Amino acid sequence: MSKLGTFTIHTTDGKARRASLVTARGVLETPVFMPVGTAATVKSLAPWELHDAGAQIILGNTYHLYLRPGDERIARLGGLHQFMDWDKPILTDSGGFQVFSLAALRQIEPEGVSFQSHIDGSRHFFSPEKVISIQNNLGSDIMMVLDECVPYGADYDYTAKSLKLTTEWAKRSRIAYPKGSGNQLMFGIVQGGFYADLRQQSAEELKEIDFDGFALGGLSVGESTEEMYEMLATSAPFLPEHMPRYLMGVGKPEDILEGVANGIDMFDCVLPTRNARNGTLYTWQGKVNIKRAEFADDDSPLDPNCTCPCCQRFSRAYLRHLYIGRELLSYRLNTIHNVHFFLDLMTRTRQAIEQGEFNTFKTEMATRLSAPYER
RNA sequence: GGAGGGGUUCCCGAGUGGCCAAAGGGAACAGACUGUAAAUCUGUCGUCGUAUGACUUCGGAGGUUCAAAUCCUCCCCCCUCCA
């Protein structure tokens, strides 16, 4: 039995790595995609459906769970895993992204962030220590440190100042929960906006801290794909090679593959679940908007090459009907499919790396998946 | 038979002389969504490939007026109540 936090690289193919990470609730086979379950639920899915789709780990959110139902309540109820009946690993995000996305409701101070609840407007305060304490209560397997996700377009001065704070908070987070003091891992988050030197500085400073993994934050915040890929390519090499690397909030299938090509091991994104609820479904022939009129009489499965229960049993015509009618089953079936698709993509990615064919795989997939659906 | 109400662009429904191709909603047709304030948002929605442009629309036919979905006359149809 490997030691908690052990990260083993099995194969490399270019910069792409096929590795594994030991967590308290099992070993993650990477590259891995983590479906997002912000409020202790991957929206519309039951845990067994997630399990059947092949999820190894899911994401939860500190900010949301603190506000509702409350981290102390979750602790009393046996922790997040027991609460939601998910016994595989959970990574909890710190609320750093909400500092960014709920900008109108918050104020950043050296000590932490004061903010108003998006639910009822009540006032709260997050310090790095508080956020770790919340994640202790939740009992996640991987904790993220509180950071400031800098908005796209922030100038150099702002970004540099923000980074200083983020680094300071990272140090305080590790002090609040020293390595080995429990069975939770802790990842630091590289910021620095779209300035290469700040990215490098951020990574260097975080390396001094004894984290179990490193995340790239502050990407996919409104920049162009080209800019994101460029920042990804410049930032990834700054991260320690023999540690887990996590690209936060990314992304589209082709973005994930780009991440893998740059040596990223972990990904999360709301896209498969949100898009499912909004009628966009992923197939190996490209994206499909299931509401389109052309599917009204289409008796074929959504994707004949997909093994998910949705594609095994239902026609496009039925899926379209459910979506158009806003039937509850629509959200569930669509989400089952999209999550299955993303996880399947990762399985194929791992296989491709093992076989030393990742580049070919990526090139083929990227062209196919980014293309709009053609019959 | 009598009294009253009403027919508006695919549907519901506002509009009662010019600012009306006509509010609003729905439907329809497209698009977006990247560490989830999202089962959300955006666009199009009479015709003319585009248009500050032209043309055709507000039950039907006539009429008044510089100008009519809006006023007048007749006709057709629908609803309610009384007989």
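Everything numeric in this text was worked out from a predicted model, so none of it was measured. Quick note on labels: first sequence line is chain A, next is B, and so on, each numbered from 1.
For D147(A), the side-chain atoms get nearest to G35(B) when compared with the rest of C33(B), A37(B), G35(B). Side-chain proximity of Y323(A) to the nucleotides G35(B), A37(B), U40(B) is greatest for U40(B).
Within 4.0 Å (heavy atoms only), L328(A) reaches at least one base atom of the nucleic acid. When heavy atoms are screened at a 4.0 angstrom cut-off, T280(A) is found touching base atoms of the nucleic acid. Among the protein residues, T273(A) comes within range of the nucleic acid bases, having at least one heavy atom under 4.0 Å from a base atom. At a threshold of 4.0 angstrom between heavy atoms, the contacts of G218(A) include nucleobase atoms, whether or not backbone atoms are also involved. Among the protein residues, S94(A) comes within range of the nucleic acid bases, having at least one heavy atom under 4.0 Å from a base atom. At a threshold of 4.0 angstrom between heavy atoms, the contacts of L247(A) with the nucleic acid are absent. Contact annotation for Q116(A): no contact, since no heavy-atom pair falls under 4.0 Å across all strands.
At U36(B), one or more side-chain N or O atoms of T38(A) fall inside 4.0 Å of OP1 or OP2 (strictly under the cut-off). One finds no side-chain N or O of Q98(A) lying less than 4.0 angstrom from the OP1 or OP2 phosphate oxygen of G35(B). Between S101(A) and A37(B) there is a side-chain N or O to OP1 or OP2 distance below 4.0 Å. Side-chain nitrogen and oxygen atoms of R277(A) include none within less than 4.0 Å of the OP1 or OP2 phosphate oxygen of A38(B). Residue N61(A) has no polar side-chain atom (N or O) positioned under 4.0 Å from OP1 or OP2 of G35(B).
When rounded to the nearest whole Å, the span between CG of L67(A) and P of U36(B) equals 13 Å.
Between the side chains of S224(A) and E227(A), at least one donor-acceptor pair of N or O atoms lies under 3.5 Å. D268(A) and Y246(A) share a donor-acceptor pair across their side chains, judged by distance under 3.5 Å alone. No side-chain donor from either of T166(A) and Q191(A) sits under 3.5 Å from a side-chain acceptor of the other. Judged by distance alone, the side chains of T280(A) and N278(A) never bring a donor and an acceptor atom under 3.5 Å apart.
With salt bridges taken as basic N to acidic carboxylate O contacts below 4.0 Å, none links D297(A) and R320(A). Using a 4.0 Å cut-off between charged nitrogen and carboxylate oxygen, K252(A) and E254(A) do not count as a salt-bridge pair.
Side-chain atoms of R326(A) stay outside donor-acceptor range of the base of A39(B), with no qualifying N/O pair under 3.5 Å.
Across all strands shown, C10(B) forms a Watson-Crick or G-U wobble pair with G26(B), both key distances being under 3.5 Å. In this structure, C66(B) forms a base pair with G18(B), meeting either the Watson-Crick or the G-U wobble geometry with both donor-acceptor distances under 3.5 Å. The partner of A61(B) is U73(B), by the rule that a Watson-Crick or G-U pair needs both atom distances under 3.5 Å. Nucleotide U34(B) forms a pair with no other nucleotide shown, judged by Watson-Crick or G-U wobble geometry with both contacts under 3.5 Å. Here U80(B) sits opposite A3(B) as a Watson-Crick or G-U wobble pair (both hydrogen-bonding atom distances under 3.5 Å).
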Under 3.5 Å between N/O atoms: give me all the protein pairs with nucleotides 29-31 of chain B, atom names plus distance.
| residue | atom | partner | partner atom | Å |
| --- | --- | --- | --- | --- |
| C29(B) | OP1 | R320(A) | NH2 | 3.1 |
| C29(B) | OP2 | R320(A) | NH2 | 3.3 |
| A30(B) | OP2 | A293(A) | N | 3.4 |
| A30(B) | N6 | K291(A) | NZ | 3.4 |
| G31(B) | OP1 | R292(A) | NH1 | 2.6 |
| G31(B) | N7 | K291(A) | NZ | 3.1 |
| G31(B) | O6 | K291(A) | NZ | 3.1 |

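The ring of Y66(A) has its center closer than 6.0 angstrom to the ring center of F126(A).
A51(B) sits 35 Å from C66(B) when the P atoms are compared, rounded to a whole Å. Using C1' as the reference atom, G31(B) and A54(B) are 30 Å apart when rounded to the nearest Å.
Within a 6.0 Å sphere centred on NZ of K179(A), other residues, nucleotides and ligands contribute more than 12 heavy atoms.
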